[in-house]
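One structure is given here, and the rest of the page talks about it.
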There are 2 protein chains.
Amino acid sequence: MEVRRRLAQNEKVEFRSKAVKLKSCSIDSFAWAGVQYPTVACATCELCDLWCQPIRDNPERYNSLEWFKNRRTKIRRGEYLFHAGEPFRSLYALRAGFLKVFFVSQGREHVTGFYMAGELVGLDAIHAARHTCSAVALEDGQVCEVPFEQLEKLCLDLPASQHRLHRFMSREITRHYEMVAELVGKTVEERMAAFLLNLSKRFSEHRYSPTQFQLRMKRDEIGNYLGMTVETVSRTLRKFHAAGLISVRGKQLELLDLDGLHRTANRDELPSASLPKLR
Amino acid sequence: MEVRRRLAQNEKVEFRSKAVKLKSCSIDSFAWAGVQYPTVACATCELCDLWCQPIRDNPERYNSLEWFKNRRTKIRRGEYLFHAGEPFRSLYALRAGFLKVFFVSQGREHVTGFYMAGELVGLDAIHAARHTCSAVALEDGQVCEVPFEQLEKLCLDLPASQHRLHRFMSREITRHYEMVAELVGKTVEERMAAFLLNLSKRFSEHRYSPTQFQLRMKRDEIGNYLGMTVETVSRTLRKFHAAGLISVRGKQLELLDLDGLHRTANRDELPSASLPKLR
DNA sequence: CGGGCCCTTGAGGTGCCTCAAATTTTGTGG
DNA sequence: CCACAAAATTTGAGGCACCTCAAGGGCCCG
């Protein structure tokens, strides 16, 4: 069941070098196997305000403990950050790379989300003190591990951090409300367009190109996420390609007509006459 | 758009008097318009450990503030607890009654959940400090309002409460993962059966009958929750009735064959030969 | 150069939606 | 309490979006 760890030589150069504008941060890149990887700047990482910055600001308080450093770990494509069922210890902030988070129910894999640099994973595991999902790297990357017990202790001292943590968790709830809204009562075209635009938005937030990027996940993983079959994923992408909305070749994707994608994603909002149906 | 407040004379007697076993609690029922309503016992309320009990246990600390009482409010059928877009102030624990929580996106109403006595609503609003959903009472009830700002302050003092709050929020995330898993790639019959069993389980957890209860929500609200149309909801219920799985007359429901419903909910887990298809 | 993934493409079936209308239940006012 | 109006539910017929099944083609890696 375990996806085996793969050496992906050719993946190493795929980081977009222009993407990351480094800000004040202790580490802005990391070296591995002779290659220098840029990472998302700490200042744009979701965890910064909540965890890293308070620790840096209060060295007298946290240095004596083991909190002063957040533990950075490299993760290679195909490696698991955690497996469903494992005891929960830490949240993880992704500094570089791309994660798929999923669980298996009734023989079917359900992808609960794709995560990119700067985002936070693991919040779902708090309840049962056990991971409910598995997280696997879809490309080489780096994560900061945040021991949750210590994060909670820190939050006892720092009301602002506590509140930020609550906002994170709340946002995760809200996101999944929206996710459900995207899934039900929408055509595959609407879902796919919304998915691509969502990726685009997040890439752009993290200073990657909003119109040109790699689909790190496989077609069937997209399908598991969007609730459709591999074949339908393939057909829909192809249809978008034919309509001139995107250019897709393998995993390489370019969004050619953002406006058209938006219209496709929200088709039923608009007066039907204004839009020709995709053939 | 606002559902107007309705006087529901005939709803008053519909509480199942046998249902609630009262435990040690300051208030186990409330009177309204001459009718005594039973409520869920505090001890079975989700909020008890987190909020009420710590306050009761530390009167010296919290009495001086305005925290010592959680504010109980009656809510009548058709009334809104909060509307989407309103500023977020408080979480609400439902002591009696039945809530529908929903939001409207692209002209369609998305029901994010139905809540019954003993459950907690409002966690999604923390992120934006604004309610993302609306909550409307589907029957007369009573809620405890918990000012969130004060809850966070209390959590700064009490690590156990803080952790419980985090577990609540985490559970809400997990629940919605499961919800999505129920929605995608499942037939309407599987979804409906799972829905009925879920209601049954929660009724039973709160000491109501697990097999006989009222569907407080309308057919189209079930449809909005399960991602199907009113017509399909009606047809599916009818099919279950014809198959002897349930007995349904209007909103009154009886589950006749829990085992059969379980099989229907998880049909594709089982070897196909072992189960005759519902006609 | 061959084997294993992964992706694509096609043909056919069907589960559920859409539209429409009958019937029951609920709410309102006399 | 009854009559009427409005809302909710049920039932039917027809269509299509998407799934299923099946096979072909491309790409990567030994």
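Residue numbers begin at 1 in each chain, while the letters A, B, ... track the order of the sequences. Please read all numbers here as calculations on a predicted model, not as lab measurements.
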**Under 3.5 Å donor-acceptor, B/Asn266 side chain and B/His262 backbone** = yes
**Prompt:** Roughly how many Å is it from CG in B/Asn224 to P in D/dT9, rounded to a whole number?
**Reply:** 12 Å
**Nucleotide nearest B/Arg77 when distance is taken to its side chain, options C/dC19, C/dG27, D/dC21** = C/dG27
All N/O donor-acceptor pairs, side-chain side in residues 224-232 of chain B, below 3.5 Å, sequence neighbours left out:
unit_1	atom_1	unit_2	atom_2	d
B/Asn224	ND2	B/Asp220	O	3.3
B/Thr229	OG1	B/Thr232	N	3.4
B/Thr229	OG1	B/Thr232	OG1	2.9

**Item:** Net bend of the helix from C/dC1-D/dG30 to C/dG30-D/dC1, end axes of five pairs each, nearest 10 degrees
**Value:** 50°
**Residue-phosphate contact under 4.0 Å: B/Lys251 side-chain N/O, D/dT9 OP1/OP2** = yes
**Message:** What is the separation between atom NZ on A/Lys218 and atom P on C/dG4, rounded to the nearest whole Å?
**Reply:** 16 Å
**Between C1' of D/dA17 and CD of A/Glu231, the distance in whole Å** = 14 Å
**Request:** Record whether the side chain of A/Glu189 comes under 3.5 Å of the base of D/dC18 through a donor-acceptor pair of N or O atoms.
**Result:** no
**Asked** Taking atom types as they are modelled, is there a donor-acceptor pair under 3.5 Å from the base of C/dC6 to the side chain of A/Glu221?
**Response** no
**Atom-to-atom span, CG of B/Leu215 to P of D/dT10 - whole angstrom** = 10 Å
**Message:** Classify B/Gly227 by what it touches in the nucleic acid, base, sugar-phosphate, or nothing, heavy-atom distance under 4.0 Å.
**Reply:** sugar-phosphate
**Prompt:** Between C/dC17 atom P and B/Leu226 atom CG, what is the distance in whole Å?
**Reply:** 11 Å
Do any side-chain atoms of residues 173-183 of chain A form donor-acceptor pairs under 3.5 angstrom with protein atoms, and if so which ones, sequence neighbours left out?
unit_1	atom_1	unit_2	atom_2	d
A/Thr174	OG1	A/Ser170	O	3.0
A/Thr174	OG1	B/Asp124	O	3.3

**Complete:** In whole angstroms, the gap separating P of D/dC19 from NZ of B/Lys186 amounts to 16 Å
**Prompt:** Is the distance from OP1 or OP2 of C/dC16 to the nearest side-chain N or O of B/Thr232 less than 4.0 Å?
**Reply:** no
**Prompt:** Can you name the nearest heavy-atom pair linking B/Gly244 to B/Asp257, along with the distance?
**Reply:** O-CB, 4.0 Å
**Prompt:** Between C/dC6 atom P and A/Leu237 atom CG, what is the distance in whole Å?
**Reply:** 17 Å
**Main-chain N/O of B/Arg249 paired to B/Gln252 side chain as donor or acceptor, under 3.5 Å** = no
**Nearest non-hydrogen partners of B/Lys100 and B/Glu109, listed with the distance** = NZ-OE2, 2.7 Å
**Prompt:** Whole-Å distance between C/dG15 C1' and B/Arg191 CZ?
**Reply:** 10 Å
**Asked** Between B/His241 and B/Leu237, is there a donor-acceptor pair closer than 3.5 Å when you use the side chain of the first and the backbone of the second?
**Response** no
**Item:** Side-chain N or O of A/Arg219 closer than 4.0 Å to phosphate OP1/OP2 of C/dT8
**Value:** yes
**Prompt:** Under 4.0 Å: is that the gap between some side-chain N or O of A/Ser234 and OP1 or OP2 of C/dC7?
**Reply:** no
**Fill in**
Winner on side-chain proximity to B/Val188, out of C/dC16, C/dC17, D/dG12, is C/dC16
**Asked** OP1 or OP2 of C/dT9 less than 4.0 angstrom from a side-chain nitrogen or oxygen of A/Arg238, does that happen here?
**Response** yes
**Item:** Selected nucleotide, minimal atom distance to A/Arg235 side chain, candidates D/dT20, C/dC7, D/dT11
**Value:** D/dT20
**Asked** Is the distance between the ring centroids of B/Phe82 and B/Tyr92 under 6.0 Å?
**Response** yes
